**Student:** 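Here it is: the structure, laid out below.
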Amino acid sequence: MPVATFHIKRFDPDNDDMPRYDEFSVPYEASLTVLDGLFYVQEHFDGSLSFRYCCRAAVCGSCAMYINGRYRLACQTNVRHLDGDVITVEAMPHMPLVKDLVCDMTDFFAKYEYIEPWLMRNSQDPAKEIGQTPEERKKLDMPIDCILCGACYSTCPSVWGEGNYIGPAALLKAYRFEVDSRDEARKQRLAHFDNEHGAYRCHTITNCVEACPKELNPTEGIQWLKRAAVRRRLFGRLK
Amino acid sequence: MINHQLIVVGGGLAGLRAAVEARADGIDVAVLSQVWPGRSHSGAAQGGINAALANDPEGHDDTPEKHAFDTVKGSDYLADQDAAIQMTSDAPGVIFEMEHWGCPFSRYDDGRIAQRPFGGAGYPRTCYGADKTGHYLLHTLVERAYQRGITMYTEQFVTRLIVHDGRCIGVVAYDMTKGGFEAFCGEAVIMATGGAGRTYSNTTNAIISTGGGMAMAYQAGVLLKDMEFIQFHPTGLLTTNILMTEGARGEGGYLINDLGERFMSKYAAKAMELAPRDITSRSIQTEINEGRGIGGKGYVYLDLRHLGAEKIMERLPGIRDLAIHFEGVDPIEEPVPIVPSQHYTMGGIDTDVNGATQLPGFYAAGECACVSVHGANRLGGNSLLETIVFGRRSGAAAARYIQGEPGGGAQAAAAPSAAAVQEMAVAVDRLASGAGSEDSYAIRAEMTTTMKEHFGIFRDAPTMRTGLDTMLALKERSRHMTLRNKFGVFNLDMMRTLELEGMIDVALATATGALARTESRGSHSRTDYPARDDVNWLKHTLAHYQPEGPRLDSKPVTLGTFEPQERKY
Ligand SMILES: Cc1cc2nc3c(=O)[nH]c(=O)nc-3n(C[C@H](O)[C@H](O)[C@H](O)COP(=O)(O)OP(=O)(O)OC[C@H]3O[C@@H](n4cnc5c(N)ncnc54)[C@H](O)[C@@H]3O)c2cc1C
Ligand code: SF4
Ligand code: FES
C-alpha cells in the first residue's frame, strides 16, 4: 500500500504561541485526495485537527487551502498528482486564522455583501421569464461559476496592501450582475466599485487568475468594470 | 440566548426559500447553517428542476396535471396525490420567480428558459443551467436572502430542538468559530437540513448530508415517514460515487455493458436510458450481478462520446470536469465507469403541504421532510422543485402561525432554553469524560457499510435481519463512545461524534421500515416479495422514536385523482 506523508500546519490562536507543522503518514489504496487524507488524520491520529469541508466534489468552495505552495481545493487534489514525497498543507495565507486550516472569512463575505450582489430591477417583472438570448446568457458563463472559495482574495497583493480593497471575488460578482442583460442597477452598484477601494485598486497582477481553482478570470471582469465606470463618467451613460 | 421570531435551520434551497418568504411577510428571520449557505449541498445539484413551462417544441402541450401524473406514477403510487398536484401547479410560478431574481437558466434562441428530457417524464420538462443548476439556484437565493436583510448565523452546528409546553421554541447550536453552545429561540422553527445520504458508504451526497434535522426532530418525538425508501442513482462515478447527472442521459448518453450492448432495451424498451431511477439502477445492478459488468467487474459504462465535444462542452461541462478530476476519464474520449449509488432520502419528517408537523411551531421542508411528493421513487428534477415549492409554503405557513398565535416570547423561553443548553453541555461532558471504550469512527464505518450491503438496491429478509441486528448492536456500542477532543473551536471530533448518534437513529428507522415492508414498491425492491401489494401496503410507514429502536405504524396515502396502475416504461 502506498503511503502519503502529510505536513500540516497547526495553529490554535487561542491556545498556541507559535504555529507548528505536524507530520502524519496516511496509507491509501488506488487514490487519495488531500481532503480524504485530512479525514484520515482526524479520525486515526489527531481528533483536534480542524478544516472545512462539504461537497467533496469541487463545487461548494469550502476547502480552498495552500497545498505544496499553491492554492488548491483539497477535495479536488489527488496526492498522486502532487510532486515530491511530502504534502504540505496550510491554511490560505494572508487571512486571519480561526484554527489550523480554517481561516476567517468574515471580511471576505462582508465585502461580497457590500457590492450588493443581487439582480436589481426597476421594471415590472413579466408574468413569465424575462427574455434573455443565448448570446446574452453566454456573457455570464465565466463569473457565475465562482464558488467563493476565497483563493483569489487571499493571494491578491492589493488586498494585503489595502485592507479596504473589496478584492477580486466581490468585483467578479459585481461584474456578473453588470453584464447581465436583465440587471437595471443604474448607479446603485456602480458606486461600490467606482471608487478607490473598488476596481481601480486592481493593478492587474493576475495572481487571482493563477490561484483560481475553477480557472476563472477575475482580472478580466475587473478590467471590464474599470472601462464601464470610466465610460459612465465620461459619457454619462448608465449602463 | 438569541431571539428572532423565526429560526430556520439550514441554508440550502429549502431553508433560504422559507426564510425569504417569511421575511416578505414581515417576520424577523434568522438562518442557522453549518456551512456558509452558498456552500450547502443544494449547490451540487446538476441536472435541473422540473416545471411544466411547455417551452420546448416537443412539450408544447405539457401541463401541471401531466407533471403530477408522471410524479405519482414515478412514485409507484405512494406519493400523496394532493401534494403532488400542489407542487406541480406551484412549479411554473416559482421557477419564473427564481428567474426574476437572477437565476442564470440556459435559454432557447427566442430567449425563453430551455428544458431538457429527464427520466420518467413524458416531456422535456427539466429547466437547467448547463449542468450546474443547483449552484445557480442556490447562489440566486443566497443573493436574495442578503438583499432581504435576513440574519445569517453561519457555521452554527445545531444539535437539538427546544420544546416547551408542547411547542417548539428554538434550537441549541454549537458556534463553530467561537466555541460553546447557545440557544436560538423564536416562536417557530423550520427544519431544512437536507438528506441523510451519509448513512450509506456509497453516496453521491455531501459529507455534511447526515440527516441531522431528521434525527433531532425524531428524538424530540416528531414522526419520520417512509424512511425505507432510499433512491439509488444509476450513475455515480466508480471510485468516489460522485454524481454524473441524469442530464447526461437526457442529452442522449448511453448505458453500456461488457458486451457493448445498450442493455436498457431489455428492461425499458421504450424509455431506454430515461426510465425512472429505480428501474435503471436495478437494471444496472442486474447486469453486474449476472456478470456483464465491464470485464466482469462491478460497474458499467456511461458513454457520451457520440454526443461530440461541442455538445458535451456546452451542456455538460461540469460533469466532464468531475470525470476528469475524480475518475481520470475525459468523457469526450472515453466511456465513464459508473455504479448505482445512494442518492436521495425519499422519506423524512412527516409534514403536510405547508410543512407543518404534529409538533406546534415546528415545520420542515426540503429533503429532510416527507410531504410526500416522491413516494417510493423520486423523479429527477423534482427534488430541487420540492425545496423551493415547499420551502416557500412552509415559510408562509410559519409566518401565519407566528402572526396568529402570539407565543410566550423571550421570557417564557429563557428557562427551558437555559436548561437545554445545560443538558447539551452535560452530554458533551459525559462523552468527553472518557469512560467510553468505543471509537466513533469505527462505528461510523461499520454503520455505513452495513447500510450499503444490507439495505441496498435489492433486499430480502435474511440479509436485512442480520443488517438490523448489526445496527442495533452499533446503537448499543454508540452509548460507550468517547471524545478525543473536548474543547475549542471547529471541534470536528465533537461534531462528528454527536452527528453519528443521530445518523444511527435515522438509519435504524430505514432498516426497520425496510424489513417490515413485505412488498416491492419503487426503490424498495425485495427479492422475496417481488410484487407491489396495494391491498396491504399502499400506505405510509411512520416511525416513532424509542430509545431501544423505532416503533412503526402507518397512515393512508391520499389518492383520488390517479388510479394506481402497473408501471410500464
Ligand atoms: C450530487 C447531487 C445532484 C443532484 N441533482 C439534482 C437535480 O439535478 N435535480 C433535482 O431536482 N435534485 C437534485 N438533487 C437533489 C437535491 O439537490 C437535494 O435534494 C436538495 O438540494 C436538498 O436541498 P435542501 O435545501 O433540502 O438541503 P441542503 O441543500 O442539503 O441544505 C442543508 C442545509 O442544512 C444545513 N445543516 C445541515 N445540518 C445542520 C446542522 N446540524 N446544523 C446546522 N445546519 C445544518 C447545511 O449547512 C445546509 O445549509 C441532487 C442531489 C445530489 C446529491
Ligand atoms: S474567482 Fe475563483 S478563486 Fe476567486 S472566489 Fe471565485 S472560484 Fe475562488
Ligand atoms: S469540499 Fe466542496 S469544494 Fe472541496
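Model, not experiment: these values are computed from the prediction. Numbered from 1 within each chain, the chains take letters A, B, ... in sequence-line order.
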**Student:** Look at B:Ile113, B:Thr177, B:Val35 and state which one has the largest set of heavy-atom pairs under 4.5 Å with chain A.
**Tutor:**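 The option with the most such pairs is B:Ile113.
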**Student:** Salt bridge check: are A:Asp22 and A:Arg20 linked by an N-O gap of less than 4.0 Å?
**Tutor:** yes
**Student:** Enter the distance from A:Ile67:CD1 to A:Met92:CE here, rounded to the nearest 0.5 Å.
**Tutor:** 11.0 Å
**Student:** Can you tell which of A:Val59, A:Val102, A:Leu140 has the highest number of heavy-atom pairs within less than 4.5 Å of chain B?
**Tutor:**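 Maximum pair count with chain B is reached by A:Val102.
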**Student:** Which distance, rounded to the nearest 0.5 Å, do you find between the CE of B:Met244 and the CG of B:Leu238?
**Tutor:** 11.5 Å
**Student:** What residue, out of A:Cys60, A:Pro117, A:Gly131, has the most heavy-atom pairs lying under 4.5 Å from chain B?
**Tutor:** A:Cys60
**Student:** Could you look at A:Val98 and say if it's the side chain, the backbone, both or neither that has a heavy atom under 4.5 Å from chain B?
**Tutor:**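 When you check distances to chain B, atoms from both the backbone and side chain of A:Val98 fall under 4.5 Å.
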**Student:** Taking every non-hydrogen pair under 4.5 Å, which of B:Met98, B:Met494, B:His135, B:Glu97 racks up the most with chain A?
**Tutor:** B:His135
**Student:** Measuring heavy-atom distances to chain A, does B:Asn205 have an atom under 4.5 Å in its side chain, in its backbone, in both, or in neither?
**Tutor:**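 Answer is backbone: N, CA, C or O of B:Asn205 sit under 4.5 Å from chain A.
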**Student:** For A:Ile144, which atoms come within 4.5 Å of any heavy atom of chain B: side chain, backbone, both, or neither?
**Tutor:**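 For A:Ile144, the contact with chain B is made by backbone and side chain together.
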**Student:** Return the option, out of A:Cys75, A:Ala57, A:Cys55, A:Ser31, with the maximum number of heavy-atom pairs under 4.5 Å with chain B.
**Tutor:** A:Ala57
**Student:** Quick one: what part of A:Lys138 sits under 4.5 Å from any heavy atom of chain B, side chain, backbone, both or neither?
**Tutor:** neither
**Student:** Between B:Met176, B:Arg444, B:Lys486, B:Arg198, which has the largest tally of heavy atom pairs under 4.5 Å with chain A?
**Tutor:**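 Heavy-atom pair counts peak at B:Arg198.
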**Student:** Which atoms of B:Cys127 are under 4.5 Å from chain A, going by heavy atoms: the side chain, the backbone, both sets, or neither?
**Tutor:** neither
**Student:** Taking B:Leu492, B:Leu237, B:Asp493 one by one, which has the highest count of heavy-atom pairs under 4.5 Å against chain A?
**Tutor:**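 When all of B:Leu492, B:Leu237, B:Asp493 are compared, B:Leu492 has the most.
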**Student:** Is B:Thr140 close to chain A through its backbone or its side chain, or both, or neither, when contacts mean heavy atoms under 4.5 Å?
**Tutor:**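 For B:Thr140, neither part sits under 4.5 Å from chain A.
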**Student:** Let me know if A:Ser48 has heavy atoms under 4.5 Å from chain B in its side chain, its backbone, both or neither.
**Tutor:**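 Both the backbone and the side chain of A:Ser48 come within 4.5 Å of chain B.
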**Student:** What about the rings of A:His44 and B:Tyr441, do their centers lie closer together than 6.0 Å?
**Tutor:**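 When the ring centroids of A:His44 and B:Tyr441 are compared, they turn out to be at least 6.0 Å apart.
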**Student:** Look up atom OH in B:Tyr146 and atom CG in B:Leu141, then write down how far apart they are to the nearest 0.5 Å.
**Tutor:** 13.0 Å
**Student:** Salt bridge check: are A:Glu43 and B:Arg496 linked by an N-O gap of less than 4.0 Å?
**Tutor:** yes
**Student:** Check whether B:Arg107 gets within reach of chain A through its side chain, its backbone, both or neither, counting any heavy atom under 4.5 Å.
**Tutor:**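 Both backbone and side chain of B:Arg107 come within 4.5 Å of chain A.
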**Student:** Side chain from CB out, backbone as N, CA, C, O: work out which of these in A:Arg137 comes under 4.5 Å of a heavy atom of chain B, or both, or neither.
**Tutor:** side chain
**Student:** Just checking, any donor-acceptor pair under 3.5 angstrom between side chains of B:Thr239 and B:Glu327?
**Tutor:**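 B:Glu327 and B:Thr239 do have a side-chain donor-acceptor pair below 3.5 Å.
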**Student:** Which bit of A:Ile147 is near chain B, if near means a heavy-atom gap under 4.5 Å: side chain, backbone, both or neither?
**Tutor:** both
**Student:** Name the orientation class of the two ring planes belonging to B:Trp36 and A:Tyr112 (parallel below 30°, tilted from 30 to 60°, perpendicular beyond 60°).
**Tutor:** perpendicular
**Student:** Are A:Phe24 and A:Tyr40, when compared by the centres of their aromatic rings, separated by less than 6.0 Å?
**Tutor:** no
**Student:** So which residue, B:Pro104, B:Gly43, B:Ala44, ends up with the most heavy-atom pairs under 4.5 Å with chain A?
**Tutor:**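 Result: the option with the highest number of such pairs is B:Pro104.
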**Student:** Looking only at heavy atoms and a cut-off of under 4.5 Å, which of B:Tyr108, B:Trp101, B:Phe105, B:Phe490 has the most pairs with chain A?
**Tutor:** B:Phe490
**Student:** For the residue pair A:Asn15 and B:Phe487, establish whether any side-chain heavy-atom pair is separated by less than 4.5 Å.
**Tutor:**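 Of all side-chain heavy-atom pairs linking B:Phe487 with A:Asn15, none is under 4.5 Å.
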**Student:** Given that the side chain runs from C-beta out, which part of A:Glu129 has a heavy atom under 4.5 Å from chain B: side chain, backbone, both or neither?
**Tutor:**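 Both backbone and side chain.
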**Student:** So, for A:Phe51 and A:Phe39, is the gap between ring centers shorter than 6.0 Å?
**Tutor:** yes
**Student:** Determine the option with the most heavy-atom pairs under 4.5 angstrom with chain B, choosing from A:Thr133, A:Asp125, A:Ile130.
**Tutor:** A:Ile130
**Student:** Look at A:Arg189 together with A:Glu116 and state whether they make a salt bridge at an N to O cut-off of under 4.0 Å.
**Tutor:** no
**Student:** Let me know if A:Ala30 has heavy atoms under 4.5 Å from chain B in its side chain, its backbone, both or neither.
**Tutor:**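 Neither; nothing under 4.5 Å.
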**Student:** For A:Lys99 and A:Asp104, what are the C-alpha separation, side-chain angles and deciding distance, and is it a salt bridge (Lys or Arg N to Asp or Glu O under 4.0 Å)?
**Tutor:** CA-CA 9 Å; A:Lys99 183 168 172 265; A:Asp104 183 345; over 6 Å; no
**Student:** Could you look at A:Met120 and say if it's the side chain, the backbone, both or neither that has a heavy atom under 4.5 Å from chain B?
**Tutor:** neither
**Student:** Tell me if a side-chain donor or acceptor on A:Asp16 pairs with a main-chain N or O of A:Pro19 at a distance below 3.5 Å.
**Tutor:**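 Flag not set: sc A:Asp16 to bb A:Pro19 has no pair under 3.5 Å.
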